[in-house]
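Computed from a predicted model, the values in this text were never measured in an experiment. The figures that follow rest on heavy atoms only: side chains count, while hydrogens, waters and symmetry mates do not. First listed ligand is number 1; within each ligand, the first listed atom is number 1. Index from 1, following the sequence.
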Amino acid sequence: MQAGDLGADFVRAEVRGWIDDHWDPELSLRAWRDRLADSGWGCPTWPSQWCGRGLSSALGRVVADEMSRAVVPGPPDGVGMMLVAPILIDHGGDELKGRFIRRTVTGEISWCQLFSEPGAGSDLAGLQSRAVRDGDGWRLSGQKVWSTGAATADFGLLLARTDWDVPKHQGISAFVLAMRQPGVTVRPLRQMNGHSSFNEVFFDDARVDYVIGEPGGGWAIARATLAHERRLAAFPPVPAAAAGRAWQEAIAERTAAAEPHKWYPQRAGRPDLAIPQARALGRSADPVIRQEIAKLIELSWSARWMAERAAAARAAGQRPGPEGSLGKLASSKIAKQAALVHSMIAGTAGLLAGPESLLGGTITEIAISVPAISIAGGTDEIQRSIIAERILGLPREPDISVGIPFRDVRVG
Ligand SMILES: Cc1cc2nc3c(=O)[nH]c(=O)nc-3n(C[C@H](O)[C@H](O)[C@H](O)COP(=O)(O)OP(=O)(O)OC[C@H]3O[C@@H](n4cnc5c(N)ncnc54)[C@H](O)[C@@H]3O)c2cc1C
């Protein structure tokens, strides 16, 4: 037996013992998560003073396996745990960590990401929301768009420009913004698939109290956030054996948090439905459709192996890197190929919506949701540029804004 195995066995026994002593399904979700936060077992790879235990990613997976084996709820899913808290741990000061990390782990507060603007999506560094110093804090004006979940979030991870006299990447700062205040207006947008996941967010002299890291250091935080975002996991299914008060509250919380993401499985193309649908509609012997299904499986399996390789690299302690762009691009290709396969199988019936259409409208929803995956979290073209520059070592895309104060650059 190797030292690593001994470590895993020790950790497994520790978690099991702790769950036996502390889990009670009739606890409130909040009381259970307080125990998770106190013990560090809810976020085992985080530092021990910030709700974690400082374990490696590999041992973190052992803990996660034990938690799911014991069917206990974990910390909340979504942006707060996956993006904001890791950013605060790496870049925030102790005051900021003390104020926000535990409350994120217990689910007391929820988050949204306030990066994209009407004139700054791919060119995120061209953002123009403006934060100006005001006493101990800052005053914010401008607009964001595409802000998922902003209508219900308590706080936003925000990028704003604080210096217009330096080149564009250097004048950006990252902030924590309280969403529920008079200077912040959130307007939901309606998408072509009928869902309403995104919002426009307007700032009119809003108060911002917390800067993350140093003013002007926001671009490094933006890049770190996007690297985490490219591996943002789907909401895990609720285990069949989930029961008791804590789980009831966790399911209600998860249902509300997942509302903006309800259509995300369709956005990914639902490759899992291709073969069952081909069989159900009698198209599985069609030679052209079979070719396209085989292409879909070929893409899906290679992407899965690539993701497993990236996960193994992370488990070995490496930070998320440009391989996230390969995975992101692969998901777009898979989704588009799946949408093609579904439309070939369904024919014109795939254009009908409503409960009486194919799979209650799911097939149509795939067709009109798949384009989003090529845009969210950085477009396909931007992923290709990252791959060209950072993996293949090709020359960088020309940037006319280099070395020029932002106020003299034409943007938007
Ligand atoms: C489902 C979904 C969820 C989202 N959630 C959030 C969120 O929660 N918070 C948030 O802040 N944002 C969010 N976004 C916004 C997303 O990050 C942006 O839409 C994305 O970065 C593209 O920016 P844009 O829409 O301004 O398009 P543009 O940047 O205007 O791009 C338009 C077209 O030009 C191409 N293009 C632009 N620049 C280049 C270049 N240099 N080289 C080659 N081609 C280029 C693009 O690839 C694209 O095809 C979300 C988007 C989607 C679809």
(Q) Tell me whether the count of non-hydrogen atoms from other residues, nucleotides or ligands lying under 6.0 Å of CD in Q291 goes above 12. (A) no

Q: If the plane angle is over 60° it's perpendicular, under 30° parallel, otherwise tilted; pick one for Y264 and H261.
A: perpendicular

Q: Would you check if there is a donor-acceptor pair between the side chains of S147 and N199 at a distance under 3.5 Å?
A: no

N/O donor to acceptor pairs below 3.5 angstrom from side-chain atoms of residues 78-100, sequence neighbours left out:
residue : atom : partner : partner atom : Å
D90     : OD2  : R319    : NH1          : 3.2
E95     : OE2  : R99     : NE           : 3.4
E95     : OE2  : R99     : NH2          : 3.4
K97     : NZ   : I89     : O            : 3.2
K97     : NZ   : G92     : O            : 3.3
R99     : NE   : Y210    : OH           : 3.3
R99     : NH1  : Y210    : OH           : 3.2

Present, as a list of atom pairs with distances to 0.1 Å, all nitrogen or oxygen contacts under 3.5 Å between ligand 1 and the protein.
residue  : atom   : partner : partner atom : Å
ligand 1 : 5 (N)  : W146    : O            : 3.2
ligand 1 : 5 (N)  : T148    : OG1          : 2.8
ligand 1 : 8 (O)  : T148    : N            : 3.1
ligand 1 : 8 (O)  : T148    : OG1          : 3.0
ligand 1 : 9 (N)  : Q113    : O            : 3.1
ligand 1 : 11 (O) : F115    : N            : 3.0
ligand 1 : 11 (O) : S116    : N            : 2.7
ligand 1 : 11 (O) : S116    : OG           : 3.2
ligand 1 : 12 (N) : S116    : OG           : 2.7
ligand 1 : 17 (O) : S116    : OG           : 3.4
ligand 1 : 19 (O) : W146    : NE1          : 3.4
ligand 1 : 23 (O) : S122    : N            : 3.3
ligand 1 : 25 (O) : W146    : NE1          : 3.4
ligand 1 : 29 (O) : S122    : N            : 2.9
ligand 1 : 29 (O) : S122    : OG           : 2.6
ligand 1 : 41 (N) : E397    : OE2          : 2.8
ligand 1 : 47 (O) : T379    : OG1          : 2.7
ligand 1 : 47 (O) : E381    : OE1          : 2.6

Q: Not counting sequence neighbours, list each pair that qualifies as a ring-ring contact (aromatic ring centres under 6.0 Å, His included) and has a residue in residues 380-407.
A: W164-F406

Q: Please list, chain by chain and in numerical order, all residues satisfying salt bridge (charged side-chain N to carboxylate O under 4.0 Å, His left out) with R61, sequence neighbours excluded.
A: none

